[in-house]
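As structure tokens, the structure follows; a few thoughts come after it.
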Amino acid sequence: MHRWSELFIPTLREAPADAEVASHKFLVRAGYIRQLAAGIYSYLFLGNRSFNKIMAIVRQEMDRIGQEFFLPALHPREIWEASGRWALMGDNLFRLKDRKGADLALGMTEEEVMTEIARKELRSYKQLPQIWYQIAPKFRDEPRPRSGLLRVRQFMMKDAYSFDIDAAGLDVSYKKHYDTYCRIFDRCGLKYMVVEADSGAMGGKESHEFMVRTPAGEDQIVSCDGCDYAANMEKATSKLDVVPDLAPEGDGKPLEVHTPAQKTIEDVARFLGVLPKYTIKALALMTDEKDEKTGNTKSRAIVVLMRGDHQLNEAKLNGTVAIATRPMEEGEIRALFKSPAGYLGPLGIEWAKDLKKDADRPLLLVDEALEGRTNLIAGANKENYHAKNLTPGKDFHPTAYADLRSVTAGEACPNCGKALRIDTAVEIGHIFKLGCRYSESMGARVLDKNGKEVTPIMGCYGIGIERILTAAVEQSNDENGFWLPPSIAPFEIVVTPINVKDQTLLKAAVDIVGRLDAAGFDVILDDRDERPGVKFKDADLVGIPFRINVGKKVTEGTVEVVLRSTREVRDVTISSVVEHFQGVLRAKA
RNA sequence: CGGGGCGUAGCGCAGCCUGGUAGCGCACCUGCCUUGGGCGCAGGGGGUCCGCGGUUCAAAUCCGCGCGCCCCGACCA
């Protein structure tokens, strides 16, 4: 029997000053966690209990489709070299040396280790498909740990990897994970949504993120209330209203107009008496690519043209050019384009003809929203002048058109046309068709039916254990504390005798706890010699979804059952308490 | 990596400007009292004032360097 008086549940009346988001404040106040260092937390009794319940659910569901491993957190440099990620991961990878001076890394994910096993052990198509998973700590040297448990440097992750003989097999493994994830998050009592995700520079592969809407989140998701369209910002698109173009002026050729001291889109549009959507915004960017051998940095200029009222989506740009970019400095703009910053435009510059060719020329990337438009207004590459009558493809030639725009709330859904909404959310799971990136680079091969060597195709699938807890807290809290879904709460029920010095009450409470225990419920007895108010406040704080008050009414054979989420109180006879909770808590099971 | 803030008892903070006894609330311990929403009274314990160096008769306080933590941005399978 769990007796509160004997347990270490250090609740705090006040939250630490540096806690900002609800989950951080409450998990600390409720005695679930304590911080050890930036982004590194200890899980105390209650936190660990909740944690174990989440992991048990994940494990149970994953065992239906895969096999659990336990892999080292300490990885030799070699396997990260083999996958090419030793250089790629940069400072996010924790690195250390052993006594002999050999390089080691703390695992941030386990593609390398899993693929290493596959490489050594898998020989035949007959051994496929395989789904291997583990639940283990991961380490990332985040530049900025934040928001309590939301972004940390050590965290628990369920990561799974699938190996299939072909793309059709991968589709099956992927679908299994998709369904399993839904079951896991359903059982954890989360209100989540699944969004299409960007698969990064590798391109073309499928990816979904499992998200929980909460203002504490770090991601933006776009969704439609009218249909099931949902995507993250990097992937989201929308249907734009057709803009009737301006009529050409004069002979229809590019026409310079005097725009003294009008630099921003808003200024120019107002000055010329048009809406910003008739203008072109030119963004000058640079890539700095370091040559590994020579150590020299190669830079390339990229100019992005957007409709005047649109925002560039850097993730989309990244996906298009497959390299990091930075804003160009004013001096660079002057030197390269002979144009003052603020008056940059596409005219009179020799642009690369193709993404692959003309490596010495700057790239001109034009957002799709400008494709087919005519008679637009852009900078004239000349102080105090803009140019009218610009038509892409005629007056200048883009290197490429691409979807580079960030969707904004209220734009039309690409599926059904209803207004899109944008919410912040926390990512709790991510499934991803990896392809052969790791199996290829690390040399995993199996023989197929025909005795031919083929590279297994992989998928990877992650769940953040902390984030399930965090999301659950963010989802259900008020000024007094939070309540967790019973499936992941440290205890399902707290039994609170109003006065433990009153032997009748204490005895009745012990009896009730005993019977609930015996019936398989997770119960805690708050037998502390505290005033009722103190015990109620603590009970409200620590996330337990049900409370049983054992008070005066015991003499009439009843106790109160309080539902934390709604504060709904209900008298239940002592004799039927177990039955009552079997109805409430075990109905679905 | 750019910008900002903070570091004094377990938690929340004052003191620092203007150098001289280290304080308040909560928590904790003892006793009494109280028992349906963080009760009351009395007594008590607890501090390398983030660290190092400097100035000074004297440093929590002034100066320098360092470290840690938080926030915004950048970054982020």
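Convention: sequence-line order gives letters A, B, ...; per-chain numbering from 1. Remember, it's a predicted structure, so these values are computed and weren't measured experimentally. What you see below is based on every heavy atom in this structure, not just the backbone, and it leaves out hydrogens, waters and symmetry mates.
- Within the 4.0 angstrom heavy-atom criterion, no nucleotide atom of any strand lies near Pro497(A).
- Considering only the side chain of Arg146(A), C71(B) comes nearest among G37(B), C71(B), U34(B).
- Taking atom CG of residue Leu150(A) and atom C1' of nucleotide C71(B), one finds them 15 Å apart after rounding to whole Å.
- In terms of position along RNA chain B, the nucleotide closest to Arg567(A) lies nearer the 5' end than the nucleotide closest to the other residue of the pair Ala38(A) and Arg567(A).
- Separating the CD atom of Gln503(A) from the P atom of U35(B) is a distance of 17 Å, rounded to the nearest angstrom.
- Between Glu110(A) and Ala19(A), it is Ala19(A) whose nearest contact on RNA chain B lies nearer the 5' terminus.
- The side chain of Asp538(A) has G38(B) as its nearest neighbour among G38(B), C75(B), U35(B).
- Nucleic acid contact class of Pro16(A) (heavy atoms, under 4.0 Å, all strands): sugar-phosphate only.
- In this structure, Arg13(A) places its CZ atom 18 Å from P of C24(B), rounding to the nearest Å.
- Within a 6.0 Å sphere centred on CZ of Arg34(A), heavy atoms belonging to other residues, nucleotides or ligands number more than 12.
- Although no hydrogens or angles enter the test, the distance criterion places a donor-acceptor pair under 3.5 Å between the side chain of Asn477(A) and the main chain of Val473(A).
- In terms of modelled atom types and a separation under 3.5 Å, the side chain of Tyr192(A) and the main chain of Arg213(A) share no donor-acceptor contact.
- Closest to the Arg531(A) side chain, of the nucleotides A74(B), G38(B), U35(B), is U35(B).
- Across all strands shown, Glu314(A) has heavy atoms under 4.0 Å from sugar-phosphate atoms exclusively, and none from any base.
- With a cut-off of 3.5 Å on both Watson-Crick or G-U wobble distances, the partner of G31(B) is given as C41(B).
- Comparing G36(B), G38(B), G37(B) by their closest approach to the side chain of Asp540(A) singles out G37(B).
- G19(B): no Watson-Crick or G-U partner with both key distances under 3.5 Å is found in any strand.
- Pair assignment for G51(B) gives C65(B), based on Watson-Crick or G-U wobble hydrogen-bonding distances that are each under 3.5 Å.
- Rounded to whole Å, atom P of C69(B) lies 18 Å from atom CZ of Arg34(A).
- As judged by a 4.0 angstrom heavy-atom cut-off over every strand, Asp502(A) is placed among residues making no nucleic acid contact.
- Remark: Arg95(A) qualifies as a cation-pi partner of Trp86(A) under the 6.0 Å distance and 45° angle criteria applied to the six-membered ring.
- Within the 4.0 angstrom heavy-atom criterion, base atoms lie near Lys552(A).
- Across all strands, Glu142(A) comes closer than 4.0 Å to no nucleic acid atom at all (heavy-atom distances).
- Side-chain to base pairing of Glu14(A) with G10(B): no donor and acceptor N or O lie closer than 3.5 Å to each other.
- For the pair Lys433(A) and Tyr174(A), the cation sits on the ring face: its NZ or CZ lies under 6.0 Å from the ring centre, inside 45° of the axis.
- Looking at heavy-atom distances under 4.0 Å, Ala37(A) makes contact with sugar-phosphate atoms alone, never a base.
- The interatomic distance linking Leu285(A) (CG) with A74(B) (P) rounds to 14 Å, in whole Å.
- The side chain of Arg144(A) contributes an N or O atom lying less than 4.0 Å from OP1 or OP2 of C71(B).
- Under the Watson-Crick and G-U wobble criteria, each requiring two contacts below 3.5 Å, nucleotide C1(B) is paired to G73(B).
- Distances were taken from every side-chain heavy atom of Glu20(A) (C-beta onward) to each of G37(B), C71(B), C69(B); the shortest belongs to C71(B).
- Atom pair Gln35(A):CD and G68(B):P shows a separation of 13 Å (rounding to whole Å applied).
- Checking side-chain atoms of Asn313(A) against main-chain N and O of Leu404(A) turns up no donor-acceptor pair under 3.5 Å.
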